[in-house]
Trainee: 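Dropping a structure here in structure tokens format, bear with me for questions.
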Amino acid sequence: MSNKRRSLKRRFLTPVAMRGAYAVGTKKTRVLVVEDNVPLACTWSEELERRHYKVRHSIDVCGGLELCKDQWPDAIILDAFFRDCCEAMVEASGSTFCAKLAELIQNSGHSAPLVIGVSGAVANEGQSSGAFCGVPASLMPIRVQKPVSGSDLADRLDEAKRRGQLKDPQQLGFVF
């Protein structure tokens, strides 16, 4: 028996609980990571995926907005500052992303995703200070300071789900 057949046989004959994730067609919370530091974004993404979140990643504001248009996220983990900007924007930052996201929400009719702002600047949770000054707390209720681990971000998303700040896709009927 070939390795591929053995792998498929093992995968489909192993109970779902032993595979550690969800059955095929199960709904997962969609998280978009907009972070230009690729190794950091990969670390965060790995932990989020381990906790059963469906993760997509963009290295810049324009790419993040395109991913939002392509498949609306339930949550966004957003860096405050970007080294490189896309050609469409001379200056790009987390605040710029939030302004464009608000336009998308207004024009598309989608509900606002939960946005977690991540910055090296000092900011108090839920307050419009630091790097995300001017972004309303209603759009970005969670703000954290780097360094932050993927585990901490997953804990914050889990807590937001418990509080009802992050909608459960099982209830909304989203399917991946």
Side-chain angles (χ1 to χ4, degrees), residues 27-37 40-41 44-45 47-48 51 53-174:
K27 301 146 192 143
K28 295 183 181 182
T29 300
R30 297 177 288 212
V31 178
L32 172 62
V33 175
V34 184
E35 168 63 67
D36 58 348
N37 181 333
L40 180 60
W44 291 348
S45 296
E47 178 61 24
L48 291 167
R51 300 264 199 110
Y53 289 96
K54 172 80 173 168
V55 181
R56 296 177 83 188
H57 171 241
S58 175
I59 60 169
D60 63 25
V61 170
C62 293
L65 291 168
E66 286 302 314
L67 288 175
C68 284
K69 290 175 190 173
D70 178 49
Q71 190 171 66
W72 198 255
D74 301 306
I76 300 171
I77 297 172
L78 178 63
D79 187 22
F81 301 106
F82 295 87
R83 281 184 222 102
D84 299 317
C85 298
C86 50
E87 291 179 18
M89 292 184 199
V90 177
E91 270 188 50
S93 67
S95 296
T96 306
F97 180 92
C98 288
K100 297 289 185 184
L101 180 65
E103 286 177 24
L104 275 177
I105 292 166
Q106 207 169 36
N107 296 334
S108 70
H110 288 294
S111 59
L114 174 74
V115 180
I116 298 177
V118 181
S119 170
V122 177
N124 296 323
E125 185 145 345
Q127 293 183 354
S128 296
S129 61
F132 292 107
C133 185
V135 176
S138 59
L139 182 59
M140 187 183 292
I142 303 172
R143 300 161 195 238
V144 296
Q145 185 178 355
K146 289 181 183 174
V148 61
S149 69
S151 179
D152 185 40
L153 290 170
D155 288 345
R156 287 172 183 267
L157 286 171
D158 292 344
E159 180 62 27
K161 254 190 200 178
R162 281 189 286 280
R163 289 183 180 171
Q165 290 175 296
L166 179 59
K167 305 295 184 242
D168 187 348
Q170 297 280 14
Q171 296 168 350
L172 297 176
F174 294 138

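Heavy-atom basis, side chains included; hydrogens, waters and symmetry copies ignored. Numbering of residues begins at 1 and proceeds along the displayed sequence.
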Trainee: What is the minimum heavy-atom distance between Ser93 and Val61, and which atoms define it?
Mentor: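 Residues Ser93 and Val61, closest heavy atoms: O-CG2, 3.6 Å.
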Trainee: Identify which one of Leu78, Val115, Thr96 satisfies the side-chain contact (heavy atoms from CB on, under 4.5 Å) criterion when paired with Leu101.
Mentor: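 Among the candidates, only Val115 passes.
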Trainee: Can you check side-chain contact (heavy atoms from CB on, under 4.5 Å) on Val34 and Asp79, steps first, answer last?
Mentor: CA-CA 6 Å; Val34 184; Asp79 187 22; over 6 Å; no
Trainee: Output the distance between atom SG (Cys68) and atom NE2 (His110), rounded to the nearest 0.5 Å.
Mentor: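 It comes to 9.0 Å.
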Trainee: For residues Leu139 and Ala112, report the shortest heavy-atom separation together with the two atoms involved.
Mentor: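 Reported closest heavy-atom pair: CD1-CB, 4.3 Å.
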Trainee: Quick one: does Leu67's side chain get under 4.5 Å of Trp72's, heavy atoms only?
Mentor: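 No. Closest side-chain heavy atoms not under 4.5 Å.
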Trainee: Considering only heavy atoms from C-beta outward, does the side chain of Leu157 approach that of Leu48 to under 4.5 Å?
Mentor: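 A side-chain contact under 4.5 Å exists here.
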Trainee: Of all residues at least two apart in sequence or in a different chain, which pass the side-chain contact (heavy atoms from CB on, under 4.5 Å) check with Leu40?
Mentor: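 Testing Leu40 for side-chain contact (heavy atoms from CB on, under 4.5 Å), a comparison that skips the adjacent residues, returns Glu35, Asn37, Trp44, Lys146.
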Trainee: Would you mind reporting whether Val33 and Leu153 have side-chain heavy atoms less than 4.5 Å apart?
Mentor: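 No, their side chains stay 4.5 Å or more apart.
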Trainee: Give me the atom names and distance for the closest heavy-atom approach of Ser119 to Phe132.
Mentor: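 Closest approach of Ser119 to Phe132: CB-CE1, 4.2 Å.
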Trainee: Just jot down the salt bridge (Lys or Arg N to Asp or Glu O under 4.0 Å) partners of Glu66, sequence neighbours excluded, or say none.
Mentor: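 So Glu66 forms a salt bridge (Lys or Arg N to Asp or Glu O under 4.0 Å) with Lys69.
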Trainee: Taking all non-hydrogen atoms of both residues into account, name the closest pair between Met140 and Arg143 and its distance.
Mentor: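 Heavy atoms of Met140 and Arg143 come nearest at O-NE, 3.2 Å.
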Trainee: Could you tell me whether the side chain of Asp60 reaches within less than 4.5 Å of the side chain of Asp36, counting heavy atoms only?
Mentor: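 No - every pair of side-chain heavy atoms lies 4.5 Å or more apart.
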Trainee: Return the set of residues passing side-chain contact (heavy atoms from CB on, under 4.5 Å) with Ser151 (not counting sequence neighbours), or none when no residue passes.
Mentor: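 Checked Ser151 against side-chain contact (heavy atoms from CB on, under 4.5 Å); matches are Glu47, Arg51, Ser149, Asp155.
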Trainee: Kindly indicate whether the side chain of Ser95, heavy atoms from C-beta on, has any atom under 4.5 Å from the side chain of Cys133.
Mentor: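 Counting from C-beta outward, Ser95 and Cys133 never come under 4.5 Å.
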Trainee: Ignoring hydrogens, what is the shortest heavy-atom contact between Leu32 and Ser58? Give both atom names and the distance.
Mentor: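 Nearest heavy atoms, Leu32 then Ser58: CD1-N, 4.4 Å.
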Trainee: For Asn107 and Glu103, indicate whether the former's side chain and the latter's backbone hold a donor-acceptor pair under 3.5 Å.
Mentor: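 Yes.
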Trainee: Kindly determine whether Asp70 and Arg56 satisfy side-chain contact (heavy atoms from CB on, under 4.5 Å), including the steps that lead there.
Mentor: CA-CA 11 Å; Asp70 178 49; Arg56 296 177 83 188; 2.8 Å; yes
Trainee: Salt-bridged, Glu159 to Arg156, with N to O below 4.0 Å?
Mentor: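 So Glu159 does not pair with Arg156 through a salt bridge.
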Trainee: Tell me, with the steps shown, if Leu114 and Asp74 meet side-chain contact (heavy atoms from CB on, under 4.5 Å).
Mentor: CA-CA 6 Å; Leu114 174 74; Asp74 301 306; over 6 Å; no
Trainee: May I ask you to check whether Lys161 and Thr29 show a side-chain donor-acceptor distance below 3.5 Å?
Mentor: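 Checked: Lys161/Thr29 side chains pair up, N/O donor to acceptor below 3.5 Å.
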